[in-house]
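Written below as structure tokens is the structure these notes are about.
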There are 2 protein chains.
Amino acid sequence: MSPRSSDGPSGGSSRGSRASGRPTLAELARIAGVSPITASRALRGVASVDPDLARRVREAAAALNYVANPAARTLASAHSDAVAVLIPSLSNLLFIDTLEAIHDVLMPRGLEVLIGNFHYSPEEEEKLVRNYLAYQPRGILLTGLEQTPATRSLLKASGIPVVYMMELSREAGLHCVGFSQEESGAAVARHLLARGRRHLAYVAAQLDPRALERGLGFQRVLAAEREVRPPVWLSVPEPSSVALGGELFVRLLEAYPDIDGIFFCNDDLAQGAIFEATRRQVPIPGRVAVVGFNDLPLSAHMAPRLTSIRTPRAKVGEAAARRLVALMEGDCRAEPAIDLGFELVERESS
Amino acid sequence: MSPRSSDGPSGGSSRGSRASGRPTLAELARIAGVSPITASRALRGVASVDPDLARRVREAAAALNYVANPAARTLASAHSDAVAVLIPSLSNLLFIDTLEAIHDVLMPRGLEVLIGNFHYSPEEEEKLVRNYLAYQPRGILLTGLEQTPATRSLLKASGIPVVYMMELSREAGLHCVGFSQEESGAAVARHLLARGRRHLAYVAAQLDPRALERGLGFQRVLAAEREVRPPVWLSVPEPSSVALGGELFVRLLEAYPDIDGIFFCNDDLAQGAIFEATRRQVPIPGRVAVVGFNDLPLSAHMAPRLTSIRTPRAKVGEAAARRLVALMEGDCRAEPAIDLGFELVERESS
DNA sequence: TGCCGCCAAGATAGCGTTATCTTATGCGCT
DNA sequence: AGCGCATAAGATAACGCTATCTTGGCGGCA
């Protein structure tokens with residue numbers, strides 16, 4: 001017998017008197033009149049349990065408001081019901097839309113969503129991956145393809161399904177859901193050229209890998225045109241904001257008075273530029289055309305309405321989560337890369 | 001001995017061959033040359049461990065990239081390192097700011113943040129609380145004061161610290177961080193009266209408890225004025241959006257042509273109204289004054305700039321998280337209610 | 001010099017589940 | 001009618017950590 005603890009009147013074990021007060025599987029099983037393992041099987045719906053017993057277990061569970069202890073479950077089964085999602089920023093509306101879609105897919109399936117913010121730093125991402133791996137998640141969703149080698153090998157070693165969001169990889173077997181950032185930049189360039197613009201600029205704040213890709217796509221198309229000079233490239237390290245967009249707009253036009261078309265790396269900057277232009281009575285698109293990226297809700301309502309690239313950010317979250325679920329269930333026949341495309345929404349600002 | 005498993009060459013136990021590949025505390029302890037329990041104590045910094053042993057343990061942990069298994073830790077200690085945060089909506093920018101501030105306080109302390117979205121439904125909130133309680137969190141952050149009785153008693157029975165955000169309760173001992181929604185509505189009313197407006201309206205979408213409070217505060221102040229009639233109250237069930245704000249603005253002015261001041265329950269609606277007014281050449285504030293709520297980043301940049309109530313949403317998150325940490329550490333001498341106030345930012349739209 | 005108390009380190013036994021093995025039960029087949 | 005096999009339920013032993021109890025060693029005091 002245990003060296004301590006004669007079974008007291010309360011039947012308590014030696015260990016802190018079950019402070020939680022929640023029923024255990026053993027109690028549930030006793031009430032349902034079955035063994036704990038049968039109760040466990042019944043609740044999980046695994047293996048074949050007599051339908052009558054299963055019903056009794058479910059009824060007892062409902063009566064007791066029984067909820068399994070996830071820690072015990074994870075420890076015993078060597079995997080949790082969590083999915084880790086790493087995003088580079090919480091303050092960027094863009095990722096919130098994605099996050100919400102992910103939630104909507106995963107939570108109804110009883111999966112917990114662990115959110116990590118790596119602030120655009122691959123090193124921080126690595127640290128987060130290391131930590132989340134300790135939770136033995138069922139799957140991981142990552143944003144972008146800029147992982148450190150250590151992150152990649154950690155993930156590979158873990159054997160846990162991973163889906164990459166927002167970019168498309170040419171690497172074989174990498175499950176990714178997104179669209180071509182490079183192509184979207186190219187599309188903007190073609191649009192501005194078609195509108196007769198010849199002196200173009202790319203403006204970005206806190207250049208992340210995807211914004212860079214877009215800028216490169218923009219550049220590529222312009223480089224192919226004989227009578228068009230390469231775009232002015234203005235990029236600052238501060239975080240993006242509406243106010244900053246206005247500032248950069250002014251700074252750019254002062255430095256390069258002949259600019260007649262600007263591609264901002266996101267809508268926040270572009271909106272700020274339009275507000276500032278309105279204030280200074282710079283005609284848009286008369287004097288200069290403005291194009292944003294993301295198509296935030298407000299962009300369609302401004303004056304002038306903002307031309308932008310509509311990104312499928314909610315769809316990315318949904319498709320990535322669905323793919324992850326499929327992988328978790330061992331169902332991975334589908335094409336690894338899912339290209340959700342983008343749409344250039346032409347409005348008054350260009 | 002165990003009925004199965006002669007200790008094989010790999011030293012493996014019978015159970016699935018340690019698929020995770022991560023080192024256990026026992027391995028770490030062996031390498032550091034101490035007992036597992038000493039390693040555990042050294043890493044947690046509890047009890048007194050010889051500094052030399054502690055150093056050896058830490059070095060071994062670093063060398064192995066050891067990360068403790070949270071499930072085992074939770075199971076053994078009867079509490080996790082998680083904090084549950086329940087918010088009514090993920091798509092509302094407002095709560096994102098709060099959430100980010102919470103993250104910034106809790107994650108550096110090694111606390112995991114579990115996010116639950118209860119979609120403004122107390123029943124769903126109850127379900128989430130029940131589920132999250134199973135995780136044995138160290139603390140819980142709730143939004144608003146509209147819990148079901150069952151939720152309240154679950155929380156009380158759990159003994160886990162709870163902090164309520166966004167509203168102030170007069171209930172004794174309830175830790176809450178926020179500001180007076182009712183007062184903020186009253187402040188808007190006083191502002192519009194001071195500007196000479198006499199025919200006022202309150203416009204809301206998807207009226208949540210806090211928006212209702214604001215409307216009531218608005219009403220209260222107007223009711224106290226002899227020569228002012230009660231405000232027109234326009235409230236629709238659809239979710240709030242910029243486009244809806246424009247629609248409601250038009251609908252309101254058509255039905256009540258003498259309205260000269262509108263308090264929108266949030267900035268999204270107010271922004272939509274201003275855009276629509278600009279489009280229809282309705283002078284603002286000449287024809288009608290517009291006031292929003294939340295002071296979203298864009299409101300300061302529009303034309304006309306939007307008068308709004310600046311809410312301390314990030315500060316609420318930060319203060320609530322800090323208070324929760326204090327409670328978790330048994331330090332609860334402070335005043336339970338923290339009023340962070342609000343600020344009426346007067347701009348061109350009123 | 002001997003006894004006691006105190007403190008650091010270790011031994012032990014779970015925490016509440018589930019994986020695995022074992023046992024009982026029944027059924028088809030020869 | 002007997003045998004083996006499939007199936008369902010239970011017994012057992014972990015999962016990896018920490019709470020608790022136990023032990024050993026040391027210093028202080030009489």
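Between L43(B) atom CG and dG16(D) atom C1' the separation is 13 Å, expressed in whole Å. The CZ-P distance, from R44(B) to dG16(D), rounds to 17 Å in whole Å. One can place CG of N69(B) at 6 Å from C1' of dG16(D), the figure rounded to the nearest angstrom. Whole-Å rounding puts the E27(A) CD to dT17(C) C1' distance at 14 Å. For Q136(B) and dT17(C), the CD to P distance is 10 Å, given to the nearest whole Å. Atom CG of D81(A) and atom C1' of dT18(C) are 13 Å apart (whole Å). Rounding to whole angstrom units, CZ of residue R30(A) and C1' of dT17(C) are separated by 17 Å. Residue R22(B) contributes atom CZ, which lies 12 Å from atom C1' of dC15(D) at whole-angstrom precision.
Between E123(A) and K127(A) there is no salt bridge, since none of the side-chain N atoms of the basic residue sits less than 4.0 Å from a carboxylate O of the acidic one. Checked for salt-bridge contact, R152(A) and E171(A) meet the test: a charged N lies under 4.0 Å from a carboxylate O.
Looking at T143(A), its side chain does come within 3.5 Å of a backbone N or O of L86(A) through a donor-acceptor pair. The backbone N or O of G33(A) lies less than 3.5 Å from a partner atom in the side chain of R56(A), making a donor-acceptor pair.
How far CG of L324(B) is from NE2 of H175(B): 10.0 Å, rounded to the nearest 0.5 Å. Atom CZ of R30(A) and atom OG of S35(A) lie 14.0 Å apart (nearest 0.5 Å). One distance of note links CD of E100(B) with CD of E318(B); it measures 11.5 Å at 0.5 Å rounding.
Put simply, S40(B) has no side-chain N or O that comes within less than 4.0 Å of OP1 or OP2 on dC17(D). Contact annotation: Y66(B) side-chain N/O to dC17(D) OP1/OP2 distance is under 4.0 Å.
Nearest-nucleotide positions on DNA chain C place A72(B) closer to the 5' end than the other of V46(A) and A72(B).
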Show the distances under 3.5 angstrom between N or O atoms of the protein and N or O atoms of nucleotides 7-11 of chain C.
unit_1: dA8(C); atom_1: OP1; unit_2: S48(B); atom_2: OG; d: 3.0
unit_1: dA8(C); atom_1: OP2; unit_2: S48(B); atom_2: OG; d: 2.1
unit_1: dA8(C); atom_1: O5'; unit_2: S48(B); atom_2: OG; d: 3.3
unit_1: dA9(C); atom_1: OP2; unit_2: D50(B); atom_2: N; d: 2.7
unit_1: dG10(C); atom_1: OP2; unit_2: S35(B); atom_2: N; d: 3.3
unit_1: dG10(C); atom_1: OP2; unit_2: S35(B); atom_2: OG; d: 2.9
unit_1: dG10(C); atom_1: OP2; unit_2: T38(B); atom_2: OG1; d: 2.4
unit_1: dG10(C); atom_1: N7; unit_2: R41(B); atom_2: NH2; d: 2.8
unit_1: dG10(C); atom_1: O6; unit_2: R41(B); atom_2: NH2; d: 3.3

